[in-house]
Amino acid sequence: MTHHTTPYAPALGTGSGLRPAPGPQEVIVPQPGAIRPGQDVLSAAQAKEVAERQARAELLARLGVPTGPDDRMDQFADHLAEVTGMVYGFVNIFLTEQTFVGLHNPPPDTGYMILGRTMSLEDGWCPAVVRRKNALPLWDVHASSTFSGNLVVDMVGIRSYFGAPLIVEGIVLGTVCAIDPEARPRSDAQHLLDAVKDGATLVLDALTSGAPVR
């Protein structure tokens, strides 16, 4: 059973909460070397990131993907936590923030932190999944220095992460993932990763079936 917090509460720290995805009219895709307001020059990597964000926003709008808490997506998050045996489950859509349209929290009397619905685009491990466009199994985040230092480790005490991308028409909309304060045996990594990938397939089917998901 999902235990909801205030719908637009940030997952970590403070912030302004959920904001709508930028529409096409709000984003101009620049070329590398273009001048931004304040005379900042965009690198090729920055220009590519802006273009990817615009393409994602346009596809999200066309598909009618939920941009806030969604009961059906919460059910997928519940299922993901159940099949992996992990404390938290997410359907995470990348808007101006990471936005957990589907969220499974532990019961409030278990002593675990209750997470909200948004987080910075730079925090956690889902940004790495979006960049690489591939699943990421971290049975113990401290097994790799690349993934060990992280706000989610410091504030929530997370030790294991399994995430898979949500890709439509070559564009990554976000991720499906599960996290837990306990590390997992490496021998369980493939099983857990397969469960998360299966969850991503189910979510993608729901998002692209043409049926209302709001």
Side-chain angles (χ1 to χ4, degrees), residues 1-3 11 52 56 59-60 63 65-66 69-94 98-107 110 112-113 115 117 119 121 123-148 150 152-153 156-211 213:
M1 179 177 180
T2 303
H3 296 266
E52 288 176 346
R56 181 184 300 126
L59 183 56
L60 289 168
L63 293 175
V65 172
D70 182 85
D71 289 341
R72 191 176 181 192
M73 294 297 112
D74 281 345
Q75 291 173 16
F76 284 122
D78 290 343
H79 173 74
L80 189 65
E82 181 179 354
V83 297
T84 60
M86 303 185 86
V87 171
Y88 303 94
F90 305 86
V91 178
N92 182 8
I93 300 299
F94 271 49
Q98 296 182 67
T99 304
F100 308 138
V101 298
L103 174 62
H104 174 88
N105 267 313
T110 58
Y112 292 112
M113 183 177 290
L115 301 183
R117 291 279 182 172
M119 188 165 64
L121 291 176
D123 293 327
W125 299 279
C126 287
V129 174
V130 170
R131 287 192 299 271
R132 57 194 267 154
K133 296 186 176 182
N134 204 355
L136 178 62
L138 298 175
W139 56 90
D140 184 351
V141 300
H142 295 313
S144 168
S145 59
T146 301
F147 299 109
S148 182
N150 198 298
V152 184
V153 176
V156 191
I158 296 304
R159 288 288 303 277
S160 54
Y161 168 95
F162 291 83
L166 297 168
I167 303 177
V168 179
E169 300 177 9
I171 298 171
V172 185
L173 304 182
T175 68
V176 166
C177 68
I179 60 176
D180 197 272
E182 298 293 331
R184 292 297 193 268
R186 185 170 184 172
S187 58
D188 290 346
Q190 189 60 55
H191 163 72
L192 292 168
L193 186 62
D194 288 344
V196 171
K197 286 181 175 180
D198 289 345
T201 298
L202 292 173
V203 170
L204 280 173
D205 286 346
L207 294 179
T208 59
S209 65
V213 294

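Predicted, not measured: the structure shown is a model, and the values here were computed from it.
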Self-check item: CG on Leu173 to CZ on Arg56, rounded to 0.5 Å
Solution: 7.5 Å
Quiz item: Who pairs with Arg184 by side-chain hydrogen bond (donor to acceptor under 3.5 Å, both in side chains), at least two apart in sequence or on another chain?
Solution: Asp180
Exercise. Measure from the side-chain N and O atoms of Gln98 to the backbone N and O of Asp123, and report whether any donor-acceptor pair falls under 3.5 Å.
Key: yes
Self-check item: Residue Arg132 excluded, over 12 heavy atoms near CZ under 6.0 Å
Solution: yes
Self-check item: Under-4.0 Å salt bridge between Asp74 and Arg117
Solution: yes
Quiz item: In Å and rounded to the nearest 0.5 Å, what is the CG to CG distance from Asp70 to Leu103?
Solution: 12.0 Å
Quiz prompt | Reported CG-to-OG1 distance for the pair Asp188 and Thr84, which is rounded to 0.5 angstrom | solution = 11.5 Å
Practice problem: Quick one: pull up CG in Asn105 and OH in Tyr112 and give me the separation to the nearest 0.5 Å. | Solution: 12.5 Å
Quiz item: For the atom pair CG (Leu192) and CG (Leu80), what is the distance rounded to the nearest 0.5 Å?
Solution: 10.0 Å
Quiz prompt | Pairwise ring-ring contact (aromatic ring centres under 6.0 Å, His included) hits with a residue in residues 170-194, at least two apart | solution = none
Quiz prompt | Residues Asp71 and Gln75: side-chain donor-acceptor under 3.5 angstrom | solution = no
Quiz prompt | Side-chain donor or acceptor of Asn150 paired with backbone N/O of Gly124 under 3.5 Å | solution = yes
Quiz item: Looking only at heavy atoms, what is the nearest atom pair of Ala195 and Val83, with distance?
Solution: CB-CG2, 4.2 Å
Exercise. Determine, stepwise, if the pair Leu115 / Tyr88 fulfils side chain to side chain contact (heavy atoms under 4.5 Å, CB included).
Key: CA-CA 9 Å; Leu115 301 183; Tyr88 303 94; 3.8 Å; yes
Quiz item: Is there a donor-acceptor pair closer than 3.5 Å between any side-chain N or O of Asn92 and the backbone N or O of Thr99?
Solution: yes
Practice problem: Could you tell me which residues satisfy side chain to side chain contact (heavy atoms under 4.5 Å, CB included) with Ser144, sequence neighbours excluded, listed by chain and number? | Solution: Thr146, Phe147
